[in-house]
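Some notes on the structure that comes next.
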Amino acid sequence: MNDFAKSRRGFLKTAGAMAGAFLLSPRGILARTEELTQHSEPVAPQSESAAADYTLRIGTPPVEIAPGRIISITTYNGQFPGPLLRFKEGQQVTVDVFNDTDTPEQLHWHGQKIPTDVDGASEEGTPFIPAHGKRRIVFTPRPAGLRFYHTHNRAGANLAAGQYSGQVGPVYIEARQESGSYDREVFLVLKEFEPTFNRGGDMAMDFLAPATRVKSLEQPGESAMKASLAKGMPHGYEVGYGSFTINGRMLGHGEPIRVKHGERVLFHILNGSATEIRSLALPGHSFQVVALDGNLVPNPAQVPVLWLGTAERISAIVEMNHPGVWIMGDLADDDRRHGMGSVVEYAGRGGQAKWIAPAPFRWDYARFAKVGATAPSPDETIEMIFAKDNAAEEGFNRWTINGVAFPMTGETAPASLHLKQGKRYRIRMRNASDDIHPIHLHRHSFELTSLAGKSTAGILKDVVMLGGYQEAEVDFIADNPGLTLFHCHQQLHMDYGFMTLFDYAS
Ligand SMILES: [Cu+2]
């Protein structure tokens, strides 16, 4: 499917994918959370006036992703994924974060509308959680829906740092009134491990709809790349992975997701990858997408395949109406065979889990949009062009927004945009590179208003995939004052320049 997949062949050494049973019992992650909370309470310090509601501990105990396959990664509470944290919308929580590592850390509450001192990004001024220290965080979770927490450290060339590590965990913020008819929830966190650098090259990922490319972006982008290669530059570094997991277990090495005929299962799926785009299908079943990035969609349409850019979340209901034992897995054969899947087992069924590749299907966010609706006009439109300087930064691609790469040395950069509170802004994003970028805005949600030249409305997200040489527009309301980070969520891209800061005009 892509060059990552190709480059992985050769150094992978996984055994047969289907041996043994494994993984999450559907309630497993919740059960584990409760268990861990109980374990961690006695070690909470007594120095604070009151005990925290939640305790997270950053550390590096070994983690087993398949029998005998132990990896050394930094995690939350010694497990991958980190414990599922269930908050109530609008109800203040206190979280103690202990850092047992030698590296100051940032814990980002992705997708939440909270102040800069707790958002978890040093660029916005959030204090670090000191090495071998602790920070108490108090905030009011919002908005409702599937969020997550992850490190916001820069990794650069260090493949043990940033989101290459195991510092990813799901958050579910319960609305005051929960709606929807389903029998139970299953949380799935998709994540690769054992990263290595390679000279990837062009990542052809042809799955977005509309597929319209913009000639005026494609021509200069392609000729810049040709000129760079002609000068003898190799392709900039990319990252490939040795193992692939759902909820920290490789396909075939955990408990199956056990279901009953006729059950409606609400899957909450999070792409916790540092760099990769993931797909997911369950043979013989379809997904009714009810929320994107935790926000309910106006049109909960049925689709045969899900696609998630880095940091995207999808909540989808599957009606279990096709009994058997199935592999719910990634469409990329190589990635699935090396772990990116889960077994779905109907009660009373047994035998080898089956995978059947779905028919080709294009992912179009607008499928879930409000039919016939138009977004309100913005007060101001911000133009942004994203470009790649091939291998320009010590062999890594350097990324720019409007010609400027965010400083890579840790100093704070001046804001590129001064927002006025209450105004509606439209960001018109144009991608002059062939890569897909999962674009993320901190502390605000945005509405998708145009995708590859086609206008749309009603979908609220905090990450959107922008296709190679494509354009898209998102609108947001400046309603959460303070420094606000805007960046590509692909770790290599954000670490090598693909970031900018907004502030609020006083
Ligand atoms: Cu990117």
Side-chain angles (χ1 to χ4, degrees), residues 110-111 143 145-148 190 205-214 267-271 273 276-281 286-318 330-331 358 360-376 378 384 386 424-431 435-441 444-477 486-490:
H110 185 118
L146 179 60
R147 316 282 161 212
F148 77 117
L190 319 182
M205 297 192 88
D206 193 22
F207 64 89
L208 288 174
T212 324
R213 288 180 158 205
V214 180
F267 287 97
H268 291 298
I269 303 156
L270 155 64
N271 181 354
S273 179
E276 300 234 318
I277 294 163
R278 299 257 64 101
S279 57
L280 206 63
S286 61
F287 298 92
Q288 185 191 10
V289 173
V290 294
L292 293 174
D293 293 348
N295 308 312
L296 296 177
V297 296
N299 177 28
Q302 301 263 352
V303 292
V305 176
L306 304 175
W307 285 91
L308 301 97
T310 302
E312 283 191 300
R313 289 91 66 208
I314 296 177
S315 301
I317 293 172
V318 177
D330 198 292
L331 269 57
F361 175 77
R362 281 185 174 272
W363 182 249
D364 184 358
Y365 294 115
R367 195 180 300 265
F368 314 108
K370 203 173 211 166
V371 179
T374 313
M384 283 193 191
F386 307 140
R424 182 182 176 96
Y425 291 89
R426 176 161 298 172
I427 309 178
R428 180 164 177 250
M429 306 181 288
R430 310 182 80 226
N431 180 6
D435 302 65
I436 296 177
H437 301 292
I439 302 293
H440 173 47
L441 178 64
H444 300 74
S445 301
F446 51 64
E447 180 176 358
L448 307 187
T449 50
S450 179
L451 298 163
K454 247 183 92 186
S455 56
T456 184
I459 298 179
L460 284 175
K461 287 179 64 49
D462 51 62
V463 180
V464 64
M465 284 186 281
L466 174 61
Y469 302 127
Q470 294 203 318
E471 52 188 18
E473 294 173 3
V474 297
D475 289 15
F476 71 99
I477 293 165
F486 171 96
H487 64 92
C488 177
H489 217 286
Q490 214 274 20

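The shortest heavy-atom contact between Ile277 and Gly309 is CG1-CA, 4.1 Å. The shortest non-hydrogen separation linking Pro358 to Val305 is CG-CG2, 3.7 Å. For the residue pair Ile436 and Gly468, the shortest heavy atom distance occurs at CG1-N, 4.2 Å. Of all heavy-atom pairs spanning Ala457 and Ala373, the tightest one is CB-O, 3.7 Å. Pairing each heavy atom of Phe287 with each of Ala281, the nearest pair is CE1-CA, 3.9 Å. Nearest heavy-atom pair, Ala369 versus Asn299, reported as atom, atom and distance to 0.1 Å: O-CB, 3.3 Å.
Side-chain atoms of Arg147 come within 3.5 Å of backbone N or O of Asp293 as a donor-acceptor pair. For Thr449 (side chain) and Glu473 (main-chain N/O), a donor-acceptor pair under 3.5 Å exists by modelled atom type. In this structure, the side chain of Gln470 engages the main chain of Thr212 through a donor-acceptor pair within 3.5 Å. In this structure, the side chain of Tyr365 engages the main chain of Met465 through a donor-acceptor pair within 3.5 Å. Between the side chain of Asn295 and the backbone N or O of Ile459 there is no donor-acceptor pair closer than 3.5 Å. With hydrogens and angles ignored, the 3.5 Å screen pairs a side-chain donor or acceptor of Ser279 with a backbone N or O of Leu331.
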From CA spacing to verdict: side chain to side chain contact (heavy atoms under 4.5 Å, CB included), Tyr425, Asp475:
CA-CA 5 Å; Tyr425 291 89; Asp475 289 15; over 6 Å; no
Verdict with reasoning, Val303 to Arg367, per side chain to side chain contact (heavy atoms under 4.5 Å, CB included):
CA-CA 9 Å; Val303 292; Arg367 195 180 300 265; 3.5 Å; yes
Test Trp307 against Phe207 for ring pair (Phe, Tyr, Trp, His ring centres under 6.0 Å), laying out the working first.
CA-CA 9 Å; Trp307 285 91; Phe207 64 89; 3.9 Å; yes
Could you walk me through whether Trp363 and Phe368 pass the ring pair (Phe, Tyr, Trp, His ring centres under 6.0 Å) check?
CA-CA 11 Å; Trp363 182 249; Phe368 314 108; 5.4 Å; yes
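Val463 places none of its side-chain heavy atoms less than 4.5 Å from the side chain of Ile439. Taking 4.5 Å as the limit, some side-chain heavy atom of Val289 sits within range of a side-chain heavy atom of Ile314. Looking at Val474 and Met429, their side chains come closer than 4.5 Å, going by heavy atoms from C-beta outward. Considering only heavy atoms from C-beta on, Leu448 comes within 4.5 Å of Lys461 through its side chain. Looking at heavy atoms from C-beta onward, Phe486 lies in side-chain contact with Ile427 at the 4.5 angstrom threshold. Ile477 has its side chain out of reach of Phe446: every pair of non-hydrogen atoms, C-beta onward, lies at least 4.5 Å apart. With contacts defined as side-chain heavy-atom distances shorter than 4.5 Å, the pair Glu471/Arg428 qualifies.
A donor and an acceptor atom, one from each side chain of Asp462 and Ser445, are nowhere located under 3.5 Å apart. For the residue pair Thr310/His489, the side-chain donor-acceptor check at 3.5 Å is not satisfied.
The CD1 atom of Ile269 lies 8.0 Å from the OG atom of Ser315; values are rounded to the nearest 0.5 Å. Taken from CD in Glu276 to CG in Leu308, the straight-line distance is 13.0 Å, to the nearest 0.5 Å. How far OG1 of Thr456 is from NZ of Lys454: 8.0 Å, rounded to the nearest 0.5 Å. Separating the CG atom in Leu190 from the CZ atom in Arg313 is a distance of 12.5 Å, to the nearest 0.5 Å. The CZ atom of Phe476 sits 12.0 Å away from atom CZ of Arg426, with the distance rounded to the nearest 0.5 Å.
Salt bridge Arg362/Asp206: present, at least one basic N to carboxylate O contact under 4.0 Å. A salt bridge links Arg424 and Glu447; the closest N-O separation between the charged side-chain nitrogens and carboxylate oxygens is under 4.0 Å. Of the charged side-chain nitrogens involved, none lies within less than 4.0 Å of a carboxylate oxygen, so that Glu312 and Arg278 do not count as a salt-bridged pair.
Classified by interplanar angle (parallel below 30°, tilted 30° to 60°, perpendicular above 60°), the ring pair Phe386/His437 is perpendicular. Between His440 and His110, the ring planes lie parallel to each other; the angle is under 30°, not in the 30° to 60° tilted range.
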